[in-house]
Peer 1: 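Got a structure here, written out as structure tokens. Questions coming.
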Amino acid sequence: MTKRGPMTWAGRSHFALNLATAALVVGTYLALLARTMPIDWHAFSIVAVGLAALPFVIGFVLSALREHDMPITAATLTTAAAVAVVVALLSAMRVHMSYTGILFCIPILLVAMTLLMMRLQRRLSERLAILDFPGASAARARLGGECATIRLTEEPSWNFDRVLIDVRTHHAPEWSGVLVKCYARRIEVTPFATFLERRHGQVDLAGFDVTDVAWRPSQILYARTKRLLDIAGVLVGLPVLLPLALVTWMYVRIKAGKDSVFVQQRRGFAGETFSIYKFRTMWTDAETPAGGHGGIIPGLAAIRRLRLDELPQMFNILRGDMSWIGPRPASLAVAAAAEQSEPRYVSRLLVRPGLSGWAQVNSGYANTTAEEIEKLTFDLYYIKHLSLDLDVIILFRTAWVILAGHRRKASAGVSA
């Protein structure tokens, strides 16, 4: 097997993350141990070695699972299994340990290992090569970086981490020898379209077909239980969200007048039409009055920025019109225009629309049909890769977008 070069920057950063995690875990365990009982330094040193080894062992396992579609689940299960093994070994050795201290170390490990798994998945510094085919030059341009080309008549250096292929070209007898050499050298072989899809988080619309949405049993199970999670999310959040909604409604009523709730027909799951509810934050007239900004009613810009205008959609979620996470529901006019421009637009109706979605955290809101079609590439990626992990990632990214103060695009009419 070809020898690898020195550790890359990505490899050093992953090692640094594991080292920092090990130090934090051991420090946390020591701090809790010192507060609850006298320290047996001999026992502590043994436990500390076990705890410090955990990030490196888990990281090694996760590096082999980095192609897994559910990074949070993979990191959680691997971490739980590794902690269970360490605790079992320490118990078998009759080493005195603080179970409370270990329990407090688990969240630190979960967060760090989930972060590591996600960094492994989106690692862009790996050495890439692409097998030659008629579209190889265009493919290299889309990668946006250096990428070697392996030609059938040349013997490459094989100093690669991943080789990209075109399925229609390279699943042929003349390329079998090259592919065998890749597999023998433990080089990952990935279809070019699949690699781009994972890197950018969006599908290639030109090559997409509804039959590409082939859900695995775990995805089917999650799709069936997602409705229960939506209802549970509303009920759990109701003690906080309902008073917040009442205060927001009173403030909007003062600023916007009696018509404080905006109702609009939207395209929903399987093409059904439903009424979406929002607090009104924009003028209904085409012309913005003096003192307005971009059609937004003065004093209500912060309501839009913090997404408080969408609190009434809790009712839509309870009623089953919407989910917490999914493609944003388009108005009937926008949907009709988009479907006329791109027939694949109807594929986004395979799941319930959501309060937030993969397209929203990646591309924002659309003001034109072209922008709506661009959002479609993200929506179809979400539908194709539906999972609890992806929904959790969207929730955290939505919170970050709100806290970071990113503003939505506001047109003179009614925005999404």
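When a residue number appears, it is its place in the shown sequence, counting from 1.
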Peer 1: Please check: side-chain N/O of Arg304 versus main-chain N/O of Thr281, any donor-acceptor pairing under 3.5 Å?
Peer 2: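 No, Arg304 side chain to Thr281 backbone: no donor-acceptor pair under 3.5 Å.
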Peer 1: Please lay out, stage by stage, how Leu128 and Phe160 fare under the test side-chain contact (heavy atoms from CB on, under 4.5 Å).
Peer 2: CA-CA 6 Å; Leu128 295 173; Phe160 311 118; over 6 Å; no
Peer 1: With no hydrogens and no angle check, do the side chains of Gln265 and Ser275 hold a donor and an acceptor under 3.5 Å apart?
Peer 2: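 Note: Gln265 and Ser275 side chains meet the donor-acceptor criterion.
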Peer 1: Any donor and acceptor pair, going by atom type alone, linking the side chain of Arg186 with main-chain N or O of Ala184 inside 3.5 Å?
Peer 2: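 Side chain of Arg186 to backbone of Ala184, a donor-acceptor pair under 3.5 Å: yes, one is there.
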Peer 1: If only atom types and distance count, is the side chain of Ser63 paired as donor or acceptor with the main-chain N or O of Phe60 below 3.5 Å?
Peer 2: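 Such a contact is found between Ser63 side chain and Phe60 backbone.
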Peer 1: Please check if the number of heavy atoms outside Glu155 that lie under 6.0 Å from its CD is greater than 12.
Peer 2: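 Above 12, so yes.
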Peer 1: Could you state the interatomic distance from CZ (Phe279) to CD1 (Ile297), rounded to the nearest 0.5 Å?
Peer 2: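 The CZ atom of Phe279 sits 13.0 Å away from the CD1 atom of Ile297.
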Peer 1: Listing request: all salt bridge (charged side-chain N to carboxylate O under 4.0 Å, His left out) pairs with a residue in residues 382-404, at least two apart in sequence or in separate chains.
Peer 2: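 Matches after skipping sequence neighbours: Glu197-Lys384, Lys226-Asp391.
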Peer 1: If the test is side-chain contact (heavy atoms from CB on, under 4.5 Å), which one of Thr78, Thr114, Thr79 qualifies with Leu62?
Peer 2: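 Considering Thr78, Thr114, Thr79, a side-chain contact (heavy atoms from CB on, under 4.5 Å) with Leu62 is found only for Thr78.
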Peer 1: What about Phe104 and Tyr29, are their ring centers closer than 6.0 Å?
Peer 2: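 No; Tyr29 has its ring centre 6.0 Å or more from that of Phe104.
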Peer 1: So, for Ile39 and Ala34, which heavy atoms are closest and what is the spacing to 0.1 Å?
Peer 2: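 Result for this residue pair: CD1-CB, 3.9 Å.
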Peer 1: Has Arg344 got a side-chain atom pairing as donor or acceptor with Leu205's backbone, closer than 3.5 angstrom?
Peer 2: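 The answer is yes, because a donor-acceptor pair under 3.5 Å joins these two groups.
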Peer 1: Between the side chain of Asp209 and the main-chain N/O of Asp212, is any donor-acceptor distance below 3.5 Å?
Peer 2: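 Such a contact is absent between Asp209 side chain and Asp212 backbone.
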Peer 1: Is there a side-chain hydrogen bond (donor to acceptor under 3.5 Å, both in side chains) between Thr149 and Asp132 once you walk through the steps?
Peer 2: CA-CA 6 Å; Thr149 300; Asp132 191 28; 5.7 Å; no
Peer 1: Measuring from Trp175:CH2 to Cys182:SG, what's the distance to the nearest 0.5 Å?
Peer 2: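 The distance works out to 9.5 Å.
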Peer 1: Kindly indicate, with the supporting measurements, whether the criterion ring-ring contact (aromatic ring centres under 6.0 Å, His included) is fulfilled by Phe15 and Phe56.
Peer 2: CA-CA 8 Å; Phe15 178 82; Phe56 297 95; 5.7 Å; yes
Peer 1: Report yes if the side chains of Arg119 and Leu17 come closer than 4.5 Å at any heavy-atom pair, otherwise no.
Peer 2: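 Heavy-atom side-chain distance check passes, below 4.5 Å.
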Peer 1: Ignoring hydrogens and angles, tell me if any N or O in the side chain of Arg266 forms a donor-acceptor pair with the backbone of Pro329 under 3.5 Å.
Peer 2: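 Yes; at least one donor-acceptor contact below 3.5 Å.
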Peer 1: Would you confirm whether Ser387, through its side chain, and Leu390, through its main-chain N or O, come within 3.5 Å as a donor-acceptor pair?
Peer 2: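 At least one qualifying donor-acceptor pair exists.
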Peer 1: One pair to check against side-chain contact (heavy atoms from CB on, under 4.5 Å): Phe262 and Asp309. What are the steps and the verdict?
Peer 2: CA-CA 9 Å; Phe262 171 72; Asp309 58 324; over 6 Å; no
Peer 1: Is there a side-chain contact between Val167 and Phe192 (heavy atoms, below 4.5 Å)?
Peer 2: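 No, every pair of side-chain atoms sits at 4.5 Å or beyond.
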Peer 1: Considering residues at least two apart in sequence or located in another chain, which fulfil the side chain to side chain contact (heavy atoms under 4.5 Å, CB included) criterion with Ser260?
Peer 2: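 So Ser260 forms a side chain to side chain contact (heavy atoms under 4.5 Å, CB included) with Trp249, Val252, Arg253.
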Peer 1: Which heavy-atom pair separates Arg140 from Cys147 by the least distance, and what is that distance?
Peer 2: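 So the minimum-distance heavy-atom pair works out to NE-O, 2.8 Å.
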Peer 1: Gly201 and Phe378: which non-hydrogen atoms are nearest, and at how many Å?
Peer 2: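 Between these two residues, the closest heavy atoms are O-CD2, 3.3 Å.
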Peer 1: With the threshold set at 4.0 Å, does a side-chain nitrogen-carboxylate oxygen contact exist between Arg328 and Glu372?
Peer 2: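 The answer is no: the pair does not qualify as a salt bridge.
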Peer 1: Check whether Phe269 forms a cation-pi arrangement with Arg352 (NZ or CZ under 6.0 Å from the six-membered ring centre, at most 45° off the ring normal).
Peer 2: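 Judged by the rule (NZ or CZ under 6.0 Å from the ring centre, within 45° of its axis), Arg352 counts as positioned above Phe269.
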Peer 1: What are the two closest heavy atoms between Ala223 and Leu386, and how far apart are they?
Peer 2: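 Distance-wise, the nearest heavy atoms are CB-CD2, 3.9 Å.
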Peer 1: Begin with the C-alpha distance, continue with both residues' side-chain angles, and end with the deciding distance and a verdict on side-chain contact (heavy atoms from CB on, under 4.5 Å) for Ser91 and Val87.
Peer 2: CA-CA 6 Å; Ser91 298; Val87 171; 4.1 Å; yes
Peer 1: Under 4.0 Å between a side-chain nitrogen and a carboxylate oxygen: does that hold for Arg267 and Glu339?
Peer 2: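 Salt bridge: yes.
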Peer 1: Any idea how Tyr381 and Trp358 line up, ring-wise: parallel (<30°), tilted (30 to 60°), or perpendicular (>60°)?
Peer 2: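 Judged by the thresholds at 30° and 60°, the geometry between Tyr381 and Trp358 is parallel.
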Peer 1: Is there side-chain contact between Ile394 and Ser356, with heavy atoms separated by less than 4.5 Å?
Peer 2: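 A side-chain contact exists here, since the closest heavy-atom pair is under 4.5 Å.
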Peer 1: Report yes if the side chains of Thr21 and Leu109 come closer than 4.5 Å at any heavy-atom pair, otherwise no.
Peer 2: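 Thr21 reaches Leu109 side chain to side chain.
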Peer 1: Donor-acceptor pair, Ser341 side chain versus Ala337 backbone, under 3.5 Å?
Peer 2: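 Pair absent, no side-chain N/O of Ser341 close to backbone of Ala337.
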Peer 1: Compare all side-chain heavy atoms of Ile150 with those of Val163 and state whether any distance is below 4.5 angstrom.
Peer 2: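 Of all side-chain heavy-atom pairs linking Val163 with Ile150, at least one is under 4.5 Å.
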Peer 1: Can you tell me how far CG of Leu318 sits from CG of Leu235, rounded to the nearest 0.5 angstrom?
Peer 2: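 These two atoms lie 6.0 Å from each other.
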Peer 1: Treating Arg307 as the side-chain partner and Arg305 as the backbone partner, does any N or O pair qualify as donor plus acceptor under 3.5 Å?
Peer 2: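 Present.
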Peer 1: Are Trp324 and Leu229 packed together at the side-chain level, in the sense that at least one heavy-atom pair is separated by less than 4.5 angstrom?
Peer 2: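 The answer is no; the side chains never approach within 4.5 Å.
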Peer 1: Looking at Glu374, is its backbone amide N or carbonyl O close enough to the side chain of Thr377 to form a donor-acceptor pair, meaning the two atoms are under 3.5 Å apart?
Peer 2: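 Checked: pair present.
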Peer 1: Set out, in order, the CA-CA distance, both residues' side-chain angles and the distance that settles side-chain contact (heavy atoms from CB on, under 4.5 Å) for Leu300 and Met282, then state yes or no.
Peer 2: CA-CA 8 Å; Leu300 297 183; Met282 300 186 70; over 6 Å; no
Peer 1: Say you draw a straight line from CG of Leu355 to CD of Gln360; how long is it, rounded to the nearest 0.5 Å?
Peer 2: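 The CG atom of Leu355 sits 9.5 Å away from the CD atom of Gln360.
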Peer 1: Check whether any side-chain heavy atom of Leu33 lies under 4.5 Å from a side-chain heavy atom of Met97, and answer yes or no.
Peer 2: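 Not touching, per the 4.5 Å side-chain cut-off.
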Peer 1: Do Pro243 and Val247 come within less than 4.5 Å of each other through their side chains, counting heavy atoms only?
Peer 2: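 Not touching, per the 4.5 Å side-chain cut-off.
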Peer 1: Looking at residues at least two apart in the chain, or sitting in another chain, which of them share a side chain to side chain contact (heavy atoms under 4.5 Å, CB included) with Asn316?
Peer 2: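 Scan of Asn316 (side chain to side chain contact (heavy atoms under 4.5 Å, CB included), adjacent residues dropped) gives Phe274, Ile276, Tyr277, Gln313, Arg319, Asp321, Met322.
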Peer 1: Can you measure from CG (Leu311) to CG (Leu242) and round to the nearest 0.5 angstrom?
Peer 2: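 Separation between the atoms: 9.5 Å.
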Peer 1: Do you know the tightest heavy-atom contact between Ser347 and Ile383?
Peer 2: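 Of all heavy-atom pairs spanning Ser347 and Ile383, the closest is O-CD1, 3.5 Å.
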Peer 1: Drop me the distance from Thr194's OG1 to Ile165's CD1, to the nearest 0.5 angstrom.
Peer 2: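 That separation rounds to 9.0 Å.
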Peer 1: Please report the shortest heavy-atom distance between Tyr382 and Ile325, naming the atom on each side.
Peer 2: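 Looking at all heavy atoms of both residues, the closest pair is OH-O, 3.5 Å.
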